[in-house]
Amino acid sequence: MDKSFLKIKINKNELSSAIKKCLNVIEGNTFDSSAINECVKLKVENDKIILTSFSHLFCVKYEINENFEIFNTGEILVKGKIFNNVINKLDDEIILERIDNNSLYIKSNNFESNLNLVDEYLFPDINFEPESNYKSFIIKSNYLNEIEKKLMNFVSKTDNVLSHLNFSIKNGILTAVATDTVKLVNLTFDINTEDGQVKIHPLLLKWLSGFYRNDEDIEFRIYENQIIIKYRNLTIINNTWNDVYPDTSFLLEGDTNLIFNVEKNKIIKALERGISLFDTDPLKIRVKLLGEQNQLTIKFENEIYASSMEIIEINKISGGNINIVLNAQFLIQILKNFEGDIVTIKLLSETKNILFNDNFNDNFIQLLAPISIE
């Protein structure tokens, strides 16, 4: 590249917004804090300015297509946080000019600064445009918002394929699944796009949700072992897990031994009162549910402090009785994930798992595996 060095004039807000998008990826980099992983690369071409950054999870490219004037093309590599701190404090138009191999001259109004550069040849060459033989599908941003809201906390914390969300599109239905082997969330949407399947790291959705607006198209491209997400001027690459995500559909099927409806807030408050007896890790607290007729008994036993029993009314639809022990905190987490007031609880005869859905969204199903059942 011609080292007569780049020179541009650019709107402060345009540049600051682009830097922040790249910086969010760097700030999430807890795996490797090497100098290159802390950097943002700024490349000036004849008609656009491109900023890129990467972490151990994602690579990001953002293109600026307006509000600048190019005097000379070129590229620089700068420490992302320092660059952001300087630009964020400036006003209006900014002049950026590389004056030698090691320095970037920054000027705005009465402010001038020389910022030390990092050798740009140390930055990896990232291919953001795959060959034509990739698979592509479109997901609406409001679908991604709901998936991020309802599924994010249900992925496994272990380092395996279950630490990802699974998106599967078949016959016009998008099925999003998250599970940690004890809890499972299944959310479906009608979607007009081709069939496909992809595993998504939850941090990718969380990071992406800070940029898009509601009801916008987000393009997902699947190329070899990579997911490439295209949204406006933003391109994101995330390497996918090679292992196959397990088929969980059979866990949601089968005959039911019991079906009943219960007011969500009543059962949550009863569970929280029982948990208040304990001063141990909430994730270790168990609750026994006993159901007969149109009553549900919620029992906690704490040998050191106390025990409790609370009876709430239910509307039994079909089936026999229930006598089951569950993780109390997991049960509350599932119940609070619903938006409706009435929760339907189903005990599956074959797997003994418990299914939950509500009167607000029939396409949203949650599952909790019991600790023991009688």
Query raised in the report: Is the backbone of L258 close enough, under 3.5 Å, to the side chain of T256 for a donor and an acceptor to pair up by distance?
Result: no
Query - Least distance between heavy atoms, G274 atom then S308 atom - result: CA-OG, 4.0 Å
**Report entry** NZ or CZ of K264 within 45° of F338 ring axis and under 6.0 Å
**Finding:** no
Query raised in the report: Got more than 12 heavy atoms from elsewhere within 6.0 Å of CD, Q293?
Result: no
Query raised in the report: Are I236 and Y212 in one and the same hydrophobic cluster, where Ile, Leu, Val, Met, Phe, Trp and Tyr link if side-chain heavy atoms are under 4.5 Å apart?
Result: yes
Query - Reported CD1-to-OG distance for the pair I106 and S113, which is rounded to 0.5 angstrom - result: 5.0 Å
Requested in this report: Spell out, as yes or no, whether a donor-acceptor pair under 3.5 Å connects the side chain of T240 to the backbone of N225.
Outcome: yes
Query raised in the report: With a 3.5 Å cut-off and no angle check, do the side chains of Q197 and N166 form a donor-acceptor pair?
Result: yes
**Report entry** Atom of S53, atom of V40 and distance for their closest heavy-atom approach
**Finding:** CB-CG2, 4.4 Å
Query raised in the report: Thinking salt bridges, do K48 and E63 make one under a 4.0 Å N-O criterion?
Result: yes
Query raised in the report: What is the distance from atom CD1 of I267 to atom CG of L335, rounded to the nearest 0.5 Å?
Result: 5.5 Å
Query raised in the report: Taking C-beta and beyond as the side chain, do E313 and N294 meet within less than 4.5 Å on heavy atoms?
Result: no
Query raised in the report: Do I147 and F189 have side-chain heavy atoms sitting under 4.5 Å apart?
Result: yes
Report task. Spell out, as yes or no, whether a donor-acceptor pair under 3.5 Å connects the side chain of E14 to the backbone of N67. Result -> no
**Report entry** hydrophobic_cluster_shared for I10 and L234, side chain cutoff 4.5 Å
**Finding:** yes
Query raised in the report: For the hydrophobic clusters of this structure (ILVMFWY residues joined by side-chain heavy atoms under 4.5 Å, transitively), does one cluster hold both I342 and F364?
Result: no
Query raised in the report: Under 30°, 30 to 60°, or over 60°: which ring-plane class applies to F220 and F137, parallel, tilted or perpendicular?
Result: parallel
Query raised in the report: Looking at E129 and K61, does any basic side-chain N land under 4.0 Å from a carboxylate oxygen?
Result: yes
**Report entry** Non-hydrogen side-chain atoms of F167 and L174 separated by less than 4.5 Å
**Finding:** yes
Query raised in the report: Which residues satisfy the side chain to side chain contact (heavy atoms under 4.5 Å, CB included) test with I314, sequence neighbours excluded?
Result: F260, V262, L296
Query raised in the report: Side chains of D243 and N160: does their closest heavy-atom pair fall under 4.5 Å?
Result: no
Query raised in the report: Side-chain heavy atoms under 4.5 angstrom apart, residues restricted to Ile, Leu, Val, Met, Phe, Trp, Tyr: same cluster for L368 and L290?
Result: no
Requested in this report: Heavy atoms only: give me the nearest G196-K135 pair and the separation to one decimal.
Outcome: CA-CD, 4.4 Å
Report task. Take K288 and N323 through the test side chain to side chain contact (heavy atoms under 4.5 Å, CB included) and record every step on the way to the result. Result -> CA-CA 7 Å; K288 176 176 279 192; N323 187 346; 3.8 Å; yes
Query - Heavy-atom check, side chain of K140 versus side chain of D215, under 4.5 Å - result: yes
Requested in this report: Determine, step by step, whether I332 and I275 satisfy the side chain to side chain contact (heavy atoms under 4.5 Å, CB included) criterion, reporting the C-alpha distance in whole Å, the side-chain angles of both residues, the deciding distance to 0.1 Å, and the verdict.
Outcome: CA-CA 10 Å; I332 290 176; I275 287 177; 3.5 Å; yes
Requested in this report: Look only at the side chain of K107 and the backbone of N109, and say whether a donor-acceptor pair between them is shorter than 3.5 Å.
Outcome: yes
Query raised in the report: Quick one: CD1 on I200 to NE2 on H164, what's the gap to the nearest 0.5 Å?
Result: 8.5 Å
Query raised in the report: Going by the angle between their ring planes, with limits at 30° and 60°, are F58 and W207 parallel, tilted or perpendicular?
Result: parallel
Query raised in the report: Should L117 and N101 be marked as a side chain to side chain contact (heavy atoms under 4.5 Å, CB included) after you check the CA-CA gap, both sets of side-chain angles, and the distance that decides it?
Result: CA-CA 8 Å; L117 297 176; N101 286 340; over 6 Å; no
Query raised in the report: With hydrophobic residues grouped by side-chain heavy-atom distances under 4.5 Å, do M152 and L203 end up in a single group?
Result: yes
Query raised in the report: Is there a donor-acceptor contact under 3.5 Å from the side chain of N214 to the main chain of S141?
Result: no
Requested in this report: Answer yes or no for K199 and Y245: cation-pi contact, defined as NZ/CZ to six-membered ring centre under 6.0 Å and angle to ring axis within 45°.
Outcome: no
Query raised in the report: Considering only heavy atoms from C-beta outward, does the side chain of V44 approach that of L96 to under 4.5 Å?
Result: no
Report task. Go through I50 and E45 one step at a time and tell me if the side chain to side chain contact (heavy atoms under 4.5 Å, CB included) criterion holds. Result -> CA-CA 8 Å; I50 302 171; E45 298 185 350; 3.7 Å; yes
Query raised in the report: Would you call T248 and L367 a side-chain contact if the rule is heavy atoms closer than 4.5 Å?
Result: no
**Report entry** Lys/Arg-Asp/Glu bridge criterion (N-O < 4.0 Å) met for E339, K150
**Finding:** yes
Query raised in the report: Under 4.5 Å between any side-chain heavy atoms of E38 and K81, yes or no?
Result: no
Report task. I would like to know whether Q366 and N337 meet side chain to side chain donor-acceptor pair (under 3.5 Å); could you show each step before the answer? Result -> CA-CA 9 Å; Q366 300 183 93; N337 213 17; 3.2 Å; yes
Report task. Indicate yes or no for a side-chain donor-acceptor contact from N353 to the backbone of L348 under 3.5 Å, with no hydrogens or angles considered. Result -> no
